[in-house]
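On a predicted model such as this, the values are computed, not experimentally measured, just so you know. Counting begins at 1 with the first residue of the sequence. Both counts, for ligands and for their atoms, begin at 1 and track the order of listing.
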Amino acid sequence: MHEEIRSLAKRKNALILAHYYQTLDVQSVADEVGDSFALAKYARETDADIVILCGVRFMAESAKLLSPLKTVYLPAPNAGCPMADMVTPDDVLMLRAEHPDAAVVCYVNSGADVKAVSDVCCTSSSAVKIVNAMREREIIFVPDRNLGAYVAKQCPEKRVILFDGFCPTHHRISEQDVIDAIEQHPDAYVLIHPECREEVLRHAHFIGSTKGIIDAAKRSDREELLIGTEIGVQEILMRDLPDKRVYSIGSTFTCPNMKRTRPEDVLACLIGEREAITLPNDIARDARLTLERMIELGG
Ligand code: 13P
Ligand code: SF4
């Protein structure tokens with residue numbers, strides 16, 4: 001099936017993109033694997049006719065927004081992001097009414113309708129840079145309260161107003177989990193994603209996006225690595241760094257939505273058995289501007 005996917009992709013001029021949280025099997029059929037920021041950039045810059053985004057819905061929507069003339073597919077149509085569903089455009093409009101001088105910075109893990117009423121998007125790798133680059137001192141940050149709190153700490157001159165969203169996969173990890181893991185592996189280099197709670201991040205040697213964690217782990221000369229993000233990142237590091245011992249914090253660090261995609265689903269996109277992503281024109285026009293601004297300020 002892998003060969004069939006690769007040859008069909010070539011024939012149809014399709015670019016297959018996969019997030020680091022996808023299974024290694026799905027990653028192995030992709031042209032490029034990346035974090036949210038890199039995937040958005042690949043989708044924007046490609047001259048392929050078709051983009052197949054192996055990830056969750058907001059990622060495929062972002063690809064469509066940035067490449068409106070291309071046909072974009074989400075291979076597992078029911079792969080959503082529960083955090084993205086926690087905030088609505090009305091929530092943002094209410095916060096805007098309460099804080100009329102604030103700019104709205106919206107994590108890319110959000111619906112296109114929420115992006116459309118925001119000023120700029122960010123990813124975990126670009127959030128600090130983008131918040132710092134904003135003219136406004138007051139920043140409404142939606143939906144992730146953990147990433148927002150991390151950003152607020154890194155940008156002390158800004159007043160960051162947080163929303164109450166969170167990623168169920170990262171938020172589930174407790175401070176006790178990280179303390180226990182460090183007790184078991186006291187010499188490990190500890191790398192954690194900023195979607196984790198503040199009291200978990202406090203124990204990290206390195207905080208960054210999925211790509212940031214992978215790159216920092218590969219640069220490290222420590223023999224043991226303790227990873228605080230979805231299991232996909234640990235699997236990549238175990239494959240790429242066979243001489244190191246790579247452990248995960250907690251035993252349930254899996255995003256069920258990210259694991260919905262199978263190679264069969266990628267093939268289904270290529271043989272026309274999936275519906276392409278479409279977005280209402282007015283929402284797409286406004287949401288696109290926030291993503292373009294993200295690439296401009298975060299690039
Ligand atoms: P990254 O931008 O770090 O890849 O994060 C995406 C995501 O959904 C993390 O849960
Ligand atoms: Fe959404 Fe969390 Fe899954 Fe990332 S890991 S896609 S934020 S639910």
Protein residue, atom and distance nearest to atom 9 (C) of ligand 1, heavy-atom basis:
Glu195 OE2, 3.1 Å

Check contact between His19 and ligand 1, using heavy atoms of the residue and a distance below 4.0 angstrom.
yes

Among Ala79, Cys81, Gly232, which one puts a heavy atom closest to atom 1 (Fe) of ligand 2?
Cys81

Reference residue Leu201; test side-chain contact (heavy atoms from CB on, under 4.5 Å); the match among Val178, Ile207, Val190
Ile207

Ligand 1 contact by His170, heavy-atom criterion under 4.0 angstrom:
yes

Measuring only between side-chain heavy atoms, which start at C-beta, is Lys259 closer than 4.5 Å to Glu230?
yes

Any luck finding a side-chain donor-acceptor pair between His2 and Asp25 under 3.5 Å?
yes

In the protein, which heavy atom is nearest to atom 6 (C) of ligand 1, and how far is it?
Ser36 OG, 3.2 Å

Quick one: does ligand 2 sit under 4.0 Å from the side chain of Glu230, the backbone, both or neither, non-hydrogen atoms only?
neither

Indicate, as side chain, backbone, both or neither, the part of Asn109 found under 4.0 angstrom from ligand 1 when only non-hydrogen atoms are considered.
side chain

N/O/S atom of Cys255 under 2.8 Å from atom 3 (Fe) of ligand 2, yes or no?
yes

Regarding ligand 1, does Ser124 bring an N or O atom to under 3.5 Å of one of the ligand's N or O atoms?
yes

No-hydrogen, no-angle side-chain donor-acceptor test under 3.5 Å, His171 and Glu195
no

Could you check whether any heavy atom of Asn109 sits closer than 4.0 Å to an atom of ligand 2, since that is the contact criterion I want to use?
yes

For Asp282, does the CG atom sit with more than 12 other heavy atoms under 6.0 Å from it, leaving out its own atoms?
yes

Phe37 to ligand 1, any heavy atom closer than 4.0 Å
no

More than 12 heavy atoms of other residues, nucleotides or ligands under 6.0 Å from NZ of Lys70: is that the case?
yes

Structural part of Tyr20 in contact with ligand 1, heavy atom criterion under 4.0 angstrom
neither

With distance as the sole criterion, is a donor-acceptor pair present between the side chains of Thr210 and His193 under 3.5 Å?
no

Quick check on Glu223: does its CD atom have over 12 non-hydrogen neighbours (other residues, nucleotides or ligands) under 6.0 Å away?
no

Which residue owns the protein heavy atom closest to atom 8 (S) of ligand 2, what's the atom, and how far is it?
Pro82 CD, 3.4 Å

In terms of atom number and element, which parts of ligand 1 are under 4.0 angstrom from non-hydrogen atoms of Ser209?
3 (O)

Is Ser125 near ligand 1, meaning one of its heavy atoms is under 4.0 Å from it?
no

Aromatic rings Tyr189 and Phe206: how do their planes relate, parallel, tilted or perpendicular, breaks at 30° and 60°?
tilted

Could you check whether Lys115 pairs with Glu61 (Lys NZ or Arg NE/NH1/NH2 to Asp/Glu carboxylate O, under 4.0 Å)?
no

Between Asp119 and Arg135, does at least one N-O distance fall below 4.0 Å, as a salt bridge requires?
no

Would you mind listing which atoms of ligand 1 come within a distance below 4.0 Å of any non-hydrogen atom of Tyr21?
7 (C), 9 (C), 10 (O)

Specify whether an N/O/S atom of Cys167 falls short of 2.8 Å from atom 1 (Fe) of ligand 2.
no

Region of His193 engaging ligand 1 - heavy atom pairs below 4.0 Å:
side chain

For Met134, look at atom CE and say whether over 12 heavy atoms of other residues, nucleotides or ligands are found less than 6.0 Å away.
yes

Going by the order shown, which atoms of ligand 2 are within less than 4.0 Å of some heavy atom of Met83?
7 (S)

Sub-4.0 Å atoms of ligand 2 with respect to non-hydrogen atoms of Glu195:
2 (Fe), 7 (S)

